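Everything below concerns the one structure shown next.
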Amino acid sequence: MAVKDFTYDQTKVKINLNGLPITDLIEPVNVQTDGDDWTTTEGVGDNVIFNKRIAKTATVTLPMNPVSPEYAAIRGFRTLDNETGAGPFPFAFVDLNNGETILGKARILNLGEKSNATEATARNVTLKVVKSLEA
């Protein structure tokens, strides 16, 4: 299965996680989706049947400011999920350039690596999204 890798301008996307608008993105957003797979089965008389397996997952990387209230809220969602199993959380993504949409449920895989830098550098929050709609 081929992975499709997309990068989106952080100023041209709308993202919502568990009702929280994500606007404090400091670098482009990356979305990797599993590609649709085609399988073939050969039958009698050289007949071939094609079956399409539609990709249902995406990995979304959100480069966020680690001192933002949104990052703190996402950190709280992850803690809540780990302690109570509250996740996965509702997720929505819209690219304002072309209207591409991903709707589904997301798990927070990681909150990015801490840095010793004196300035706030991006922390890559990684989400695994099970898509219910992609348009």
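Note that this is a predicted model, so its numbers are computed, not measured.
Between Lys131 and Ala58, the closest heavy-atom pair is CD-CB, 4.4 Å. The two residues Val60 and Val129 make their nearest non-hydrogen contact at CG2-CG2, 4.0 Å. Considering all non-hydrogen atoms of both residues, Ile26 and Thr121 come closest at CD1-C, 4.2 Å. For Pro28 against Thr7, the heavy-atom pair with the smallest separation is CB-CG2, 3.5 Å. The two residues Phe91 and Ala106 come nearest to each other via the heavy atoms CB-CB, 3.9 Å. Summarising the geometry of Asp81 relative to Gly87, their closest heavy-atom pair is OD1-N, 2.9 Å, with the distance given to 0.1 Å.
With rounding to the nearest 0.5 Å, the separation of CG in Leu25 from OG1 in Thr61 is 11.5 Å. In this structure, CG on Asp24 lies 11.5 Å from CD1 on Ile15, to the nearest 0.5 angstrom. Arg123 CZ to Asn110 CG: the interatomic distance, rounded to the nearest 0.5 Å, is 10.5 Å. A distance of 10.5 Å separates CG in Leu127 from CZ in Arg78, rounded to the nearest 0.5 Å. Separation of atoms OH (Tyr8) and CG (Asn97) is listed at 10.0 Å; rounding is to 0.5 Å.
Transitive grouping of hydrophobic side chains (ILVMFWY, heavy atoms separated by less than 4.5 Å) brings Tyr71 and Phe77 into a common cluster. Under a hydrophobic-cluster definition in which Ile, Leu, Val, Met, Phe, Trp and Tyr are linked whenever side-chain heavy atoms come within less than 4.5 Å, directly or via other members, Leu111 and Ile22 are assigned to the same cluster. Hydrophobic clustering, with ILVMFWY side chains joined whenever heavy atoms are under 4.5 angstrom apart, keeps Leu62 apart from Val94. By the rule that hydrophobic residues join a cluster once side-chain heavy atoms approach within less than 4.5 Å of another member, Phe6 and Val125 end up as members of one cluster. Taking hydrophobic clusters as Ile, Leu, Val, Met, Phe, Trp and Tyr residues chained together by side-chain heavy-atom distances below 4.5 Å, Leu20 shares a cluster with Phe93.
Listed for the Glu70 side chain is a donor-acceptor partner under 3.5 Å among the backbone atoms of Thr23. Side-chain atoms of Thr57 never come within 3.5 Å of backbone atoms of Val130 as a donor-acceptor pair (strictly under, hydrogens ignored). No side-chain donor-acceptor contact under 3.5 Å links Ser68 to the backbone of Met64. When atom types are taken as modelled, the side chain of Gln32 and the backbone of Thr59 share no donor-acceptor pair closer than 3.5 angstrom.
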Check the pair Ile74, Leu17 against side-chain contact (heavy atoms from CB on, under 4.5 Å), reporting the backbone distance first and the verdict last.
-> CA-CA 8 Å; Ile74 291 173; Leu17 177 65; 4.0 Å; yes
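Across Asn124, Thr126, Asp5, a single residue satisfies side-chain hydrogen bond (donor to acceptor under 3.5 Å, both in side chains) together with Asn30, and that is Asp5.
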